[in-house]
Amino acid sequence: MTDTAFKPYDAKCYDRLFEKFQYLFEAELIDEICRFGKVTRFPAEHVIIDLGDKITNMPLVINGSVRIMTEDEEGRELLLYYLELGDTCAMTLNCCSRATKSNIRAITEEPCEIIMVPVEYLDIWMVKFKKWRNFVLESYNTRLNEMLEAIDNLAFHNMEDRIIKYLRDKAMVLGDEKLKITHFQIARDLNSSRVVISRLMKKLEDAGELEQSRNMVKVKL
DNA sequence: ACATTAAGTGATT
DNA sequence: AATCACTTAATGT
């Protein structure tokens with residue numbers, strides 16, 4: 001116990017992390033995450049990482065969910081994927097090692113607890129912990145697949161399908177089939193226009209696929 | 001009652 | 001599927 005000087009050892013923090021990550025990481029790694037990382041609470045809709053930000057910390061989600069978006073030159077947004085418990089951002093992993101800037105935006109979907117780990121530990125842990133190595137590889141893998149899915153969805157499915165998928169995904173990560181959302185917000189996440197969404201939403205409602213009222217959508221799962 | 005914001009619609013490209 | 005122009009409906013002050 002010589003290198004605990006940075007921060008007083010926090011047994012409570014350790015216990016909490018251990019409970020969440022025991023299947024993912026070895027105890028010693030959890031101990032280091034606990035010691036070097038900083039647990040942070042974010043309110044809903046908080047921008048954790050924005051485009052062009054220099055990445056100094058990597059986020060590890062303890063609870064809540066985060067959505068990852070890109071934006072094109074004209075400022076049009078597109079939802080890529082969600083981060084949940086035990087997820088980290090593959091983009092961050094990529095940026096860290098080469099000190100590049102973020103090409104994504106990470107926004108909390110609901111109030112979140114996230115542990116921020118300084119990026120310099122990533123490399124150290126890569127050689128030190130087998131489970132960390134697996135975790136990073138695994139993250140790359142799943143994110144890559146999700147990206148493929150996102151592209152597939154974009155290229156081969158019509159807007160109607162995309163809306164349904166979007167709503168179901170969202171209901172899933174938030175764990176609530178009733179979503180507090182406007183047509184305008186949906187349009188922004190899918191990079192479409194409000195009018196188009198309203199039309200299709202009406203159609204979907206008539207077809208019995210969903211229920212909606214002002215600021216509320218309920219999807220059939 | 002009035003203003004503001006969300007949602008619905010026809011016509012056009 | 002997008003945009004325009006306009007209507008209607010819901011909600012806050």
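None of the values given here were measured: they were computed from a predicted structure. All values below come from the heavy atoms of this structure, side chains included, with hydrogens, waters and symmetry mates left out.
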is_close_aromatic(Phe25(A), Phe135(A)), centroid dist under 6.0 Å: yes

Length of the CD1-P vector between Ile181(A) and dT5(B), whole Å: 19 Å

Stretch residues 208-220 of chain A: residues that reach within less than 4.0 Å of DNA chain B through a heavy atom: Gln212(A), Arg214(A), Asn215(A)

Touch class at under 4.0 angstrom, heavy-atom based, for Ser193(A) against every strand present: base

Side-chain donor-acceptor contact under 3.5 Å, Tyr14(A) with Asp31(A): no

Between NZ on residue Lys178(A) and NZ on residue Lys218(A), distance to nearest 0.5 Å: 5.5 Å

Rounded interatomic separation in angstrom, taking NZ from Lys180(A) and C1' from dT5(B): 12 Å

Whole angstrom value for the distance that separates P of dA5(C) from CZ of Arg194(A): 14 Å

Residues Glu110(A) and Ser65(A): side-chain donor-acceptor under 3.5 angstrom: yes

Passing option when Arg105(A) is tested against Asp53(A), Asp50(A), Thr70(A) for side-chain hydrogen bond (donor to acceptor under 3.5 Å, both in side chains): Asp50(A)

Phosphate OP1/OP2 of dT5(B): any His183(A) side-chain N/O under 4.0 Å: no

Donor-acceptor pair between Ser198(A) and Arg194(A) side chains, under 3.5 angstrom: yes

Euclidean distance, atom CG of residue Asn158(A) to atom P of dA2(C) [Å, nearest integer]: 12 Å

Nearest-Å distance for atom pair CD1/C1', residues Ile186(A) and dA6(B): 12 Å

For atom CG of Leu204(A) and atom P of dA7(B), their distance in whole Å: 14 Å

Glu205(A) CD to dA9(C) P, straight-line distance once rounded to whole Å: 15 Å

Same apolar cluster (I L V M F W Y, side chains within < 4.5 Å links), Val196(A)/Met201(A): yes

Nucleotide dT3(C), atom C1' - distance to CD1 of Ile197(A) in whole Å: 14 Å

Options dG10(B), dA1(C), dA6(B), nucleotide nearest the side-chain atoms of Thr182(A): dA6(B)

Arg199(A), nearest nucleotide to its side chain (from dG8(B), dA1(C), dT9(B)): dT9(B)

